[in-house]
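Below is one structure; the comments refer to it alone.
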Amino acid sequence: MTDAPRSTPEEPWPVRVVSQKVGAWIAKLGWVWVDGQVAQISRRPGASTVFLTLRDPSADLSLTVTTNRDVLDTGAPELREGARVVLHAKPEFYAARGTLSLRADEIRQVGLGELLARLEKLKKLLAAEGLFDRSRKRRPPFLPQRVGLITGRASAAERDVLTNARRRWPAVEFRTVNVAVQGPSAVPQIVDALKVLDADPSIDVIILARGGGGIEDLLPFSDEALCRAVFACRTPVVSAIGHETDAPLVDYVADVRASTPTDAAKRVVPDLTEEVRLIGQARSRLERAVRNLVDRESHRLDLLRSRPVLARPQVMVDQRAAEVSALRDRTGRCLDHRLGAAGEDLRHTLARLRALSPAATLDRGYAIVQRADGHVVRAAAEVAKGDPLRVRLADGELTATVDG
């Protein structure tokens, strides 16, 4: 339609012209191979034409396919709803109704071997892009405030998760979103549920749960769109799909893989009884540690108190007092000795002084003659006739005059 002249409001195209041009452009596409999932099969009794509704497993999109009964019986005689098929078809646009459909001349049902090969190829692609990288996986919180659950309505998986989680932690809260867990509408519904729960700020962890089933039943959980949606979630996702032996691709992308829905409940919430037991054990260990510490320190105090310096602290004072007394006595004796020696020396000195003293000489009958100026007369020539003299005796003194 790009080569058509631009119309103006004054010259609008009729609807039939637009429809014809769209049909002509689609007719140029030719024959193509189409891969999809059969959502509905309509076989009218006695009619040679069979109508199929082909759905994209990764998107909410479907097309009507018309084919001959012989084509269907030859290529896929046991075709059922939900099966994966590859068909060779030509797009057709019905101008009268404005609808697009496919006319198939060959239909092939995808076998299990081919499905597994496709899954292995997709697994390698996602692994190469880092969707399975362990370093990006997040650990769910120890005690989530609220748990998001995506599962089938009234399913055994839902019952197992809710029952076991509430048995382990009765106060746990859930926000459950029921979706189709197999069939053509499973992937779009699960992706939408993931977006809703991931946008809820009260949700701390999301559980994606489904019971067991065949490989075809679990195909939606290996879909590329679902794997990328799980990888894009900001909230940790726990995958609990099938049994232990089942391993859809979403198990590798999820932050935690649980072997069963019951195992998912055990991984998401702690066991109240077990936690109470562990707390009791921790308290017991703490009490023992404190008691041992107190006993050890008490023993150390007893040892310290048993030492003489603490058992009889006055002994140290008594010892020091005895030392001071001994020093004082020794000091007294030393001082007395020195004073005695000094007294003895003083007495000897006094004796010598007395012996050498002029007074002692006077006591022996001598006298000291002095002139008036106090000069001691030692020779007669030192005085003259008529000089007054002073005669000093041992007891008193006399005055005299020189007369010859």
Side-chain angles (χ1 to χ4, degrees), residues 1 14-119 122 152-153 178-192 210 213-226:
M1 293 178 65
V15 173
R16 57 181 176 78
V17 175
V18 175
S19 182
Q20 291 172 358
K21 289 184 176 295
V22 171
W25 184 81
I26 292 177
K28 295 179 182 180
L29 295 178
W31 293 84
V32 294
W33 285 98
V34 182
D35 178 16
Q37 187 174 21
V38 177
Q40 184 179 1
I41 303 176
S42 177
R43 294 185 178 92
R44 297 177 182 177
S48 60
T49 301
V50 178
F51 296 92
L52 306 177
T53 300
L54 193 66
R55 189 181 188 89
D56 190 322
S58 304
D60 189 10
L61 180 66
S62 61
L63 285 175
T64 301
V65 180
T66 59
T67 187
N68 190 276
R69 183 184 293 272
D70 295 337
V71 172
L72 182 62
D73 293 340
T74 301
E78 298 181 359
L79 186 65
R80 297 180 180 179
E81 295 179 355
R84 292 287 292 270
V85 295
V86 175
L87 51 86
H88 188 247
K90 187 177 187 303
E92 293 183 343
F93 184 77
Y94 292 90
R97 296 193 301 269
T99 59
L100 177 67
S101 64
L102 299 174
R103 178 165 53 86
D105 64 353
E106 184 176 354
I107 297 178
R108 302 177 186 174
Q109 185 170 352
V110 178
L112 180 60
E114 186 175 353
L115 281 176
L116 293 177
R118 290 186 182 185
L119 292 180
L122 178 59
R153 183 179 302 276
N178 295 119
V179 297
V181 292
Q182 69 182 62
S185 61
V187 173
Q189 291 186 21
I190 297 173
V191 171
D192 291 341
R210 187 202 189 281
I215 296 178
E216 294 85 354
D217 298 331
L218 301 180
L219 277 179
F221 298 96
S222 293
D223 187 83
E224 181 178 359
L226 178 58

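Fair warning: this is a prediction, and the values are worked out from it, not measured in the lab.
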Side-chain (Q189) to main-chain (A180) donor-acceptor, under 3.5 angstrom: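 Here the side-chain-to-backbone pair exists.
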
When you measure from the side chain of R44 to the backbone N and O of T49, does any donor-acceptor pair fall under 3.5 Å?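 Not confirmed, R44 side chain does not pair with T49 backbone.
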
Closest heavy-atom pair and its distance - [X], [Y]:
X    : Y    : result
L122 : S222 : CD2-O, 3.4 Å
G36  : L54  : C-CD1, 3.6 Å
D35  : V85  : OD1-O, 3.1 Å
R69  : V50  : CA-CG2, 3.8 Å
V191 : A225 : CG2-O, 4.4 Å
D70  : T74  : O-OG1, 2.7 Å

Heavy-atom side-chain contact between [X] and [Y] under 4.5 Å:
X    : Y    : answer
P220 : V181 : no
T99  : T64  : no
Q37  : L219 : no

I'd like to know whether W31 forms a side-chain contact (heavy atoms from CB on, under 4.5 Å) with R103, so could you lay out the CA-CA distance, the side-chain angles of the two residues, the decisive distance to 0.1 Å, and finally the verdict. CA-CA 9 Å; W31 293 84; R103 178 165 53 86; 3.8 Å; yes

Should the heavy atoms of other residues, nucleotides or ligands under 6.0 Å from CZ of R153 be counted, would the total exceed 12? no

Tell me whether the rings of W33 and H88 are parallel (<30°), tilted (30 to 60°) or perpendicular (>60°). tilted

How far does [atom1] of [X] sit from [atom2] of [Y], to the nearest 0.5 angstrom?
X    : Y    : atom1 : atom2 : result
Q182 : L218 : CD    : CG    : 8.5 Å
I41  : L72  : CD1   : CG    : 6.5 Å
K90  : I26  : NZ    : CD1   : 9.5 Å

For N178, which residues count as a side-chain hydrogen bond (donor to acceptor under 3.5 Å, both in side chains) partner, sequence neighbours excluded? E158

Non-neighbouring partners of R108 that pass side-chain hydrogen bond (donor to acceptor under 3.5 Å, both in side chains), sequence neighbours left out: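 Residues passing side-chain hydrogen bond (donor to acceptor under 3.5 Å, both in side chains) with R108: E106.
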
Test side chain to side chain contact (heavy atoms under 4.5 Å, CB included) applied to T67 and I107, L87, D105, the passing residue: I107

